[in-house]
Amino acid sequence: MSQKQSCCFLGRVFQLCSSKSQDKTKKGSPTPSRSSMDYKMAGKDNLLQPSFPALNSQQRLSDAKARNKVELKPGRSLMDWIRLGRSGEDLTGVGGKVLEVDAEELAKHNQINDAWIALRGKVYNITPYMEYHPGGEEELMRGAGIDGTQLFDEVHKWVNYESMLEKCFVGKLKSTPPAHRRVSLLRTLEPGGPANTNKSLLKANSTESKNGPMSPPAFKVPESPTLPKFDWFQTKTTVTLVVYTKWKSMKSDFVVIDKQGNNFLATLYIEDYIYYLHIELAEAISLHYEVKVNTDNGKVDIILTKESEKQWPSVGKHLQKHNKTVKLKDQEIKYRTCSVDSVSQVTHDSKLLCLSLPEGTRMCVPVGYHVHLQHKVSGMEVVRSYTAVTATLTGEQDPRVKDGSVIYLMIKIYKNGALTPWIDSLSKGDPVEVSTFTGDFSEDRLSVCQNLVMFAAGTGFTPMVRLIHYCIEDTKSRVNLKLVFFNKREEDILWYDQLQSLAEKSDRFSCDYILSEADSGWSGKTGRITLDLMKASLPQQTEKSNLLICACGPTPFTNLVTKFAKELGYSESEYHAFQG
Ligand SMILES: Cc1cc2nc3c(=O)[nH]c(=O)nc-3n(C[C@H](O)[C@H](O)[C@H](O)COP(=O)(O)OP(=O)(O)OC[C@H]3O[C@@H](n4cnc5c(N)ncnc54)[C@H](O)[C@@H]3O)c2cc1C
Ligand code: HEM
């Protein structure tokens, strides 16, 4: 998933060529279960080219989500940006003076060679950052000359801009009169009165940001979702907190619990908002929590075990966040200090890390979701994303994952990378800042599909681990799974032995390995992703094939899979690209 890897994928797209003689004893031999075309299909017609959706159908894959990282020039990596920041060069463009900038002045700096952006009331000179921006100059220019807070948050709220742009700080943004007018209106109109003032201010500011400082004021009373109903009851040994979410896709993984002493916070992720239960519990409870969800009606039971078997007079005192909702997009990114529980080598350059969450925290990362790790590198806070995996693909699972007390991450180390050299240095007991999970994959898609075909390149394998595990573990699942796994060399293949062993054990799973820099001992497939390869890897499609295609890898790889899926006529409902 590195820029380097990206260059390779962009540079040469080879035709797939399979060696004629397949030596089953060698690595790279196709997995023994089934051939790539040997799918059990639901429909009768076996059309090679899908006829649905029609060529001009709205359901076809659109480019709307094509919002990607770009290939940066050599010498423009994050490490290079950190070095530039430390070089002593004036990156503010104003000689390091702290200015007061009004909207009119800000708007003048909207050129690629003279660009300022306002983020949460602070103005930064982003001109020197242009070539270092992983999203590209064009994207960054969308925020030039305006208050880019909302835009920034919509794209990548987790990015630590304050630290990254510290040396580019120009000054403070002067607030404009229309903003004051809107704030005072909101204060009068929003229910909740003075206690809600801060919230109102924040929302008013974000309306301002969206329209840019020069736009006419667009007044809108902020919407908030209907509060779910909360109730509780107790038995001799337990206290159950009940939340009626009415959301049928609710999962127990969407409930995160943090407890310090008797201070209890349950954060429920319900569709596009967050609901909190925040209580100073009346009595002590044990650290084991059980979360049950009724998927018929979205009812959530959080079962707490009493430390002593006495009757509670009440559940406790409601604290600041209790019974409140926040829109998901407005949530603050929360980091918890975890500690390294174990580290093991997966391949020559990849490691499996088990991280223990703080005592009292329960966080089960949903299938296909990732977390951010944050660490200061040469004075700059660096944030990187990592997808949660399982402890193993085939062996006995670590029960602590289901309890939400540990998470596993599989991480490739780049010797010259910004964050991974530090990850490489970690050992048992070391602290690591880990964010709450984030992601956009819906687990429900796995229960409705019959054929799951995963295209993964390098560490793009990590989201597939949970997908495979989910479908194989679920004894009721009849999903046929195929992994098409692209790597440079044989030694780069993550969990090769486990994949082979799974393919031998399960008649529902098969795996194809494709190497771009294979050595002479490799008898398997070589090349890169092509339209023909993709077509050959997918089951012959009919309208009822209930296919799900997933892709993850360096941006150019994922872009190609997306493009080919589109060319083959697959719709958005049949495709998911994980960011990588
Ligand atoms: C949603 C998501 C999930 C992810 N999940 C995982 C995961 O599960 N496991 C995993 O290992 N990774 C994952 N990643 C990637 C991860 O977030 C980091 O990008 C990766 O670990 C690299 O971090 P780094 O800071 O050490 O390296 P970087 O500093 O980003 O450098 C990586 C490599 O690219 C080279 N490079 C960087 N910029 C340039 C340039 N301009 N020109 C030439 N070369 C350059 C560096 O020299 C280095 O070799 C995920 C990414 C996303 C977005
Ligand atoms: C407000 C205007 C901006 C827009 C529209 C924008 C857009 C984007 C896009 C499209 C990406 C790639 C896709 C993605 O990672 O999700 C990206 C990545 C990134 N941007 Fe921006 N960006 C903006 C401002 C900034 C600023 C001011 C910074 C300063 C620090 C920044 C830092 C980054 C970083 C570090 C990444 C890589 C994130 C990662 O690795 O996950 N961006 N941006």
Side-chain angles (χ1 to χ4, degrees), residues 1-8 65-82 115-119 122 124-126 129-144 146-166 168 209 346 349-353 368-373 375 377 380-389 408-424 437-441 456 458-466 494 552-555 558 577-580:
M1 295 200 194
S2 69
Q3 297 295 340
K4 261 192 188 151
Q5 254 179 307
S6 307
C7 305
C8 301
K65 286 189 191 159
R67 198 209 58 183
N68 282 313
K69 291 197 196 134
V70 298
E71 189 189 348
L72 298 172
K73 286 188 206 153
R76 295 293 179 270
S77 71
L78 179 56
M79 270 323 287
D80 296 315
W81 176 247
I82 294 175
W116 290 3
I117 190 172
L119 294 169
K122 287 181 170 181
Y124 299 95
N125 175 22
I126 46 173
Y129 186 60
M130 283 294 161
E131 291 193 342
Y132 296 82
H133 181 232
E137 298 182 12
E138 208 179 308
E139 281 292 316
L140 186 54
M141 279 305 290
R142 289 171 64 204
I146 62 166
D147 181 340
T149 312
Q150 179 153 337
L151 186 57
F152 182 91
D153 284 356
E154 273 167 15
V155 187
H156 42 36
K157 195 171 180 170
W158 68 92
V159 168
N160 214 325
Y161 70 87
E162 276 191 287
S163 177
M164 293 181 67
L165 298 179
E166 195 188 352
C168 305
S209 315
V346 177
D349 62 1
S350 299
K351 290 186 166 185
L352 184 70
L353 265 82
Y369 276 48
H370 57 273
V371 293
H372 308 300
L373 301 192
H375 181 69
V377 177
M380 189 182 286
E381 286 290 359
V382 175
V383 178
R384 292 293 196 216
S385 314
Y386 298 98
T387 313
V389 296
Y408 281 84
L409 303 175
M410 192 185 278
I411 299 181
K412 174 172 171 172
I413 310 297
Y414 296 90
K415 292 282 174 222
N416 51 356
L419 192 71
T420 50
W422 166 72
I423 293 175
D424 194 25
F437 53 71
T438 175
D440 61 0
F441 181 75
T459 50
F461 170 60
T462 55
M464 311 311 174
V465 170
R466 294 286 302 281
L494 297 160
C552 189
T555 301
T558 312
F578 291 93
Q579 293 170 28

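Count residues from 1 along the sequence. These values consider heavy atoms only, across backbone and side chains, with no hydrogens, waters or symmetry-generated copies. Read the numbers this way: they start at 1 and go in the same order the structure lists the ligands and their atoms.
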* Met79, Met410, Arg384: member with heavy atom nearest to atom 28 (P) of ligand 1 -> Arg384

* Using a strict cut-off of 4.0 Å, indicate which atoms of ligand 2 neighbour a heavy atom of Met164. => 30 (C), 35 (C)

* Heavy-atom gap Tyr129 to ligand 2 smaller than 4.0 Å -> yes

* Structure fact -> Honestly, for Ile117 the part within reach of ligand 2 (heavy atoms, under 4.0 Å) is side chain

* Asked: Under 3.5 Å, is there a donor-acceptor pair between the side chain of Thr462 and the main chain of Met410?
  -> no

* Do any nitrogen or oxygen atoms of Ser385 lie less than 3.5 angstrom from nitrogen or oxygen atoms of ligand 2? -> no

* Asked: If you measure from each heavy atom of Leu78 to ligand 1, is any distance below 4.0 Å?
  -> no

* Structure fact -> Within the 4.0 Å heavy-atom cut-off, what Pro74 brings close to ligand 1 is backbone

* Asked: If you look at His133, which of its N/O/S atoms is nearest to atom 21 (Fe) of ligand 2?
  -> NE2

* Residues which pass side chain to side chain contact (heavy atoms under 4.5 Å, CB included) with Glu137, listed by chain and number, not counting sequence neighbours -> Ile112, Met130, Glu131

* By side-chain hydrogen bond (donor to acceptor under 3.5 Å, both in side chains) - contacts of His372 (at least two apart) -> Ser385

* Does ligand 2 have a heavy atom under 4.0 Å from the side chain of Trp158, from its backbone, from both, or from neither? -> side chain

* Closest to atom 4 (C) of ligand 2 (judged by heavy-atom distance), picking from Glu162, Glu139, Lys69 -> Glu139

